[in-house]
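A quick note: this is a predicted structure, and the numbers were derived from the prediction, not measured.
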Amino acid sequence: FIAILRIGKTLSVNKINNRENIISKKIIFHSFLFLILFCCILLSNYYTLGSNYSLEKTLKFSTFTAWAFFGVYFLINDRKSLRNFLKSLALIALIMSLYTVLGLKESSGVESGFTSVAGDNYLGLGRSSGLGALIFISLYITTDSKKFVKILSICSVLIILTALFASGSRMPLISFIIVFLTAFFISVKVRKGIVYIRKGFSYFIALLGLGIISILALASTGIFDTVIRRLSILFTETDGGTSAEGRLERYQTAYEAWINHPIFGTGVGSFPIHFDGFDKVDYPHNIFLELLSELGLIGLLIFLLFILYPIYNVISNRKTKSVFLHSEILTSLFCFMFFFLNACTTGDINDNRLLFTFSSLVVISCILNNRNKDVTLNNVDSLKDAS
């Protein structure tokens, strides 16, 4: 709390000196939605069927997840700090991927066909790799960066993708492909028969070609066998295999719990009691069904507003037809989409706290975008007055 107060004081002083608003209305509204969701979780402790898991879940949400959300607004107050934050995440992903790629032929870090780094599980490696690849692509490869930076970024993405495929994690890979294709189609627009291509699109195509060639070449060595086998199971085995079958059972249990308690749910951390009668860590592996079963329609509605608000901010910026739609907005939005897709198939609400982080990043990037636009327009007006 002392650290938070010091950070808040520092940012407030800096913003006052720059004659800027201390807190944006968008930040207030976004924070209000988060606090309402937290109140629902807190109040549900009075009627939940669980005890240990419900308490653990509430404490994690009020600390780790809350900081993942509010920390963005405390620490990022200009475009430079936003870019530095994104670059740091990409650098961490690259280091993890290098460690993974260099150790692929060794027995350490590999268990049951899955690859992990420094004690983390394979999903952690998969999510970090997908996140890093998206940041490099959106922040450097498809922007006005220098050629050397673009080429270096392409090499980094190829290393990261090798780690992503080698991790054996399915949903991070599928999520990355979906967001990658979204970025691909956003880069090309057709208006009145004329094809408009985003700057850096040629490097995007080069990355796509090199990526396909590299993956096919490395696949012959057997390092991607785990993820290939797990993806094929989804289409060849009944109910998508044991993992998918277990998720379907949890989906059914969560749905039945919600049907019996549609408005307020059965309380935070109560899902495992319904599923197998034990008060332990377990969840439906779908954030919507998790909220429906534990917090009911009230909790789901608040969460939907929370999720849709960052997207609304991006659309509002787009409607202005401003040329100042910075790459930071697209990068934050793509990463937000990536973690949203992951939250639909794995982890509980606290495991998916980076979804909350990037919801804040989307909002703050839109705010900074508008500030830069206003500053530029003021400079133009000043030039007009001077002339």
Pairs flagged by salt bridge (Lys or Arg N to Asp or Glu O under 4.0 Å) wherever residues 55-72 is involved - sequence neighbours left out: E56-K60, K57-E290, K57-E294
Heavy-atom side-chain contact between F278 and Y53 under 4.5 Å: no
Modelled atom types, side-chain donor and acceptor of D78 and S81, under 3.5 Å: yes
Crowding at OH, Y312 (>12 non-hydrogen neighbours, <6.0 Å): no
T331 side chain reached by L134 side chain, heavy atoms, under 4.5 Å: no
Which residues share a ring-ring contact (aromatic ring centres under 6.0 Å, His included) with F180, sequence neighbours left out: F176, F204
For the student: nearest non-hydrogen atoms of A254 and S293, plus distance: O-CB, 3.5 Å
Residues that N286 engages under side-chain hydrogen bond (donor to acceptor under 3.5 Å, both in side chains), provided they are two or more places apart: none
All ring-ring contact (aromatic ring centres under 6.0 Å, His included) counterparts of H30, not counting sequence neighbours: F69, F306, Y309
Anything under 3.5 Å between a donor and an acceptor, one on a side chain of residues 255-265, the other on a protein residue two or more places apart or in another chain? List them.
residue	atom	partner	partner atom	Å
E256	OE2	Q252	NE2	3.0
W258	NE1	P262	O	3.1
N260	ND2	E256	O	3.1

Heavy-atom pair of closest approach, residues S167 and L125: CB-CD2, 3.7 Å
For S332 against L86, the heavy-atom pair lying closest together: OG-CD1, 4.4 Å
Non-hydrogen side-chain atoms of E328 and L368 separated by less than 4.5 Å: no
Heavy-atom check, side chain of S359 versus side chain of V363, under 4.5 Å: no
Contact check, side chains of L210 and L158, non-hydrogen atoms, under 4.5 Å: yes
Residues clustered with L152, ILVMFWY side-chain links under 4.5 angstrom: F148
Near-ring test Y73/F34, centroid separation under 6.0 angstrom: no
Residues that Y140 engages under ring-ring contact (aromatic ring centres under 6.0 Å, His included), provided they are two or more places apart: none
Qualifying residues under ring-ring contact (aromatic ring centres under 6.0 Å, His included), relative to F271, sequence neighbours excluded: F275
Beyond-backbone contact of P172 with L164, side-chain heavy atoms, under 4.5 angstrom: yes
Exercise: identify the closest heavy-atom pair between D276 and P272: OD1-O, 2.9 Å
Closest approach of C40 to I298 (non-hydrogen atoms, all atoms of both residues): SG-CG2, 4.2 Å
Listed partners of S88 passing side-chain hydrogen bond (donor to acceptor under 3.5 Å, both in side chains), at least two apart: none
Residues which pass side-chain hydrogen bond (donor to acceptor under 3.5 Å, both in side chains) with S153, listed by chain and number, not counting sequence neighbours: none
Pairs satisfying salt bridge (Lys or Arg N to Asp or Glu O under 4.0 Å), at least one member in residues 339-353, at least two apart: none
Contact summary for L355 and A343, nearest pair of heavy atoms: CD2-CB, 4.2 Å
Contact list for residues 328-347, test ring-ring contact (aromatic ring centres under 6.0 Å, His included), sequence neighbours left out: F288-F340, F339-F358
Check: L300 and L295 side chains under 4.5 Å, non-hydrogen atoms: no
